[in-house]
Colleague: 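Structure in structure tokens, see below.
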Amino acid sequence: MSTAGKVIKCKAAVVWEPKKPFSVVEIEVAPPKAHEVRIKILASGICRSDDHVLSGAIKANFPIILGHEAAGVVESVGEGVTSVKPGDKVIPLFLPQCGECSSCRHPRGNTCKKSERGEPTGLMDDGTSRFTYEGKPIHNLAGTSTFSEYTVVHEDSVAKIDASAPAEKVCLIGCGFSTGYGAAINSAKVRPGSTCAVFGLGGVGLSVIMGCKAAGASRIIGVDINKDKFPKAKELGATECINPLDYKKPINEVLFDLTDGGGVEYSFEVIGRTDTMVAALASCHMNYGKCIAVGVPPSASEMSFSPALIFTGRTLKGSLFGGWKSKASVPRLVSDFMQKKFTLDPLITHTLPLEKINEGFDLLQAGKSIRTILIF
Ligand code: COD
Ligand code: ZN
């Protein structure tokens with residue numbers, strides 16, 4: 001019996017207030033309104049940004065359904081939806097692509113004006129929510145909320161992908177993989193033969209390493225305070241790994257020593273801290289070095305550094321979703337994965353059912369997982 005046009009009751013992981021565990025409860029998911037799409041989620045990765053919302057470091061409205069790295073199947077569509085239809089395999093997009101704003105129209109832009117940066121409402125365009133628990137509204141995260149058996153997204157926030165793509169792997173193209181890989185390929189435009197330093201070897205940092213390698217970098221130095229992250233970084237292309245805790249000197253000086261006093265050509269901050277952002281900036285060559293800030297520090301933080309760091313020519317550049325235009329690029333990235341142009345398996349360390357979501361966050365917080373994939 002078709003569920004189109006009806007309220008669906010299903011399981012979702014709800015967080016009632018910051019720093020509290022998830023409760024897996026039965027919620028109600030309303031049908032999609034005009035230009036919206038209701039999706040049955042098949043698999044969703046646990047990303048550090050979800051944990052940042054949980055801890056209160058990234059602002060959001062509670063109660064909330066987190067999750068923004070998933071793959072699923074369209075269950076039904078609202079009026080006026082033309083780009084997907086029921087039955088299509090899709091990836092929800094935490095960064096939309098409306099196609100009309102200045103970023104979407106610019107060939108190199110990707111931060112669509114419809115993305116919720118700064119002060120997120122956690123509501124749909126009409127100011128209401130499609131999720132309720134016992135009749136009370138629950139907020140969404142970045143218009144995706146994929147820790148739910150069903151979710152509703154705007155048409156601009158969903159991309160149709162190859163029907164044969166394995167959801168439990170390509171869900172990573174919805175955030176972690178694309179964010180890191182694109183930071184190297186698009187935002188830095190890493191050149192063949194160059195030297196790169198990657199600060200932070202979580203799922204996103206490892207994807208930066210894959211991007212640096214694919215772009216032909218000859219030396220890739222991984223930097224992390226957890227040495228357990230080193231073997232995988234080396235498997236994916238890091239030529240060496242260093243732990244800042246093993247040195248008395250600041251890590252930027254260590255990187256200068258390792259590069260004959262010149263510094264690296266490209267550095268990437270993939271942790272989300274202001275001190276490591278300044279260290280990454282100071283690690284690249286004073287003249288032609290490029291530092292790409294991928295991590296986003298806590299909402300209230302400010303960064304300060306001497307203007308001398310950029311005066312001689314260094315570039316500091318941010319990168320959101322790897323610089324990809326989301327709706328246009330995600331289907332192509334999935335095709336590239338299906339053609340084995342890159343691998344996602346090394347990023348997946350654990351799989352769990354939705355009911356065990358709290359275990360997945362424990363693993364992340366303990367530094368024991370790269371990506372846990374929740375299977376629905
Ligand atoms: N020095 C070196 N390494 C460190 C330090 C430090 N001081 N502190 C932590 N680390 C290491 C950790 O040991 C860990 O290995 C790594 O840094 C971070 O990895 P994860 O697994 O916690 O994080 P990822 O890879 O899943 O995500 C990293 C991001 C930077 C993308 C994320 O945390 C973030 O900042 N997100 C906000 C940016 C954003 O909005 N992105 C798009 C949606 S995710
Ligand atoms: Zn993410």
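All of these numbers come straight from a predicted model, not from anything done at the bench. One-based numbering, in listed order, for ligands and for the atoms of each.
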Colleague: Can the ring centres of Phe177 and Phe337 be said to be less than 6.0 Å apart?
Modeller: no
Colleague: How many angstroms lie between CG in Leu255 and OG in Ser267, if you round to the nearest 0.5 Å?
Modeller: 8.5 Å
Colleague: Looking only at non-hydrogen atoms, find the nearest pair between Cys171 and Glu69 and report the distance.
Modeller: O-CG, 3.3 Å
Colleague: In chain order, what residues pass the side-chain contact (heavy atoms from CB on, under 4.5 Å) check against Glu235, with sequence neighbours excluded?
Modeller: Lys232, Pro346
Colleague: Can you pull every nitrogen or oxygen pair between ligand 1 and the protein closer than 3.5 angstrom?
Modeller:
{"from": "ligand 1", "atom 1": "13 (O)", "to": "Asp224", "atom 2": "OD1", "distance (Å)": "2.7"}
{"from": "ligand 1", "atom 1": "15 (O)", "to": "Asp224", "atom 2": "OD2", "distance (Å)": "2.7"}
{"from": "ligand 1", "atom 1": "15 (O)", "to": "Lys229", "atom 2": "NZ", "distance (Å)": "3.4"}
{"from": "ligand 1", "atom 1": "22 (O)", "to": "Arg48", "atom 2": "NE", "distance (Å)": "2.5"}
{"from": "ligand 1", "atom 1": "22 (O)", "to": "Arg48", "atom 2": "NH2", "distance (Å)": "3.0"}
{"from": "ligand 1", "atom 1": "25 (O)", "to": "Gly203", "atom 2": "N", "distance (Å)": "3.2"}
{"from": "ligand 1", "atom 1": "25 (O)", "to": "Val204", "atom 2": "N", "distance (Å)": "2.9"}
{"from": "ligand 1", "atom 1": "26 (O)", "to": "Arg371", "atom 2": "NH1", "distance (Å)": "2.8"}
{"from": "ligand 1", "atom 1": "33 (O)", "to": "His52", "atom 2": "NE2", "distance (Å)": "3.1"}
{"from": "ligand 1", "atom 1": "35 (O)", "to": "Val296", "atom 2": "N", "distance (Å)": "2.8"}
{"from": "ligand 1", "atom 1": "36 (N)", "to": "Ser49", "atom 2": "OG", "distance (Å)": "2.8"}

Colleague: Quick check on side-chain contact (heavy atoms from CB on, under 4.5 Å): which of Tyr133, Phe62, Phe22 does Trp16 satisfy it with?
Modeller: Tyr133
Colleague: Going by an N to O cut-off under 4.0 Å, is there a salt bridge joining Asp246 and Lys227?
Modeller: no
Colleague: With a cut-off of 6.0 Å (strictly less than), are more than 12 heavy atoms of other residues, nucleotides or ligands near NZ of Lys356?
Modeller: no
Colleague: Can you list the residues that meet the side-chain contact (heavy atoms from CB on, under 4.5 Å) rule with Ser218, with sequence neighbours excluded?
Modeller: none
Colleague: Restricting to under 2.8 Å, identify the protein N, O or S atoms around the Zn ion (ligand 2) as residue plus atom.
Modeller: Cys47 SG, His68 NE2, Cys175 SG
Colleague: Using a 6.0 Å cut-off, check whether atom CG of Asp126 has over 12 heavy atoms from anything other than its own residue.
Modeller: yes
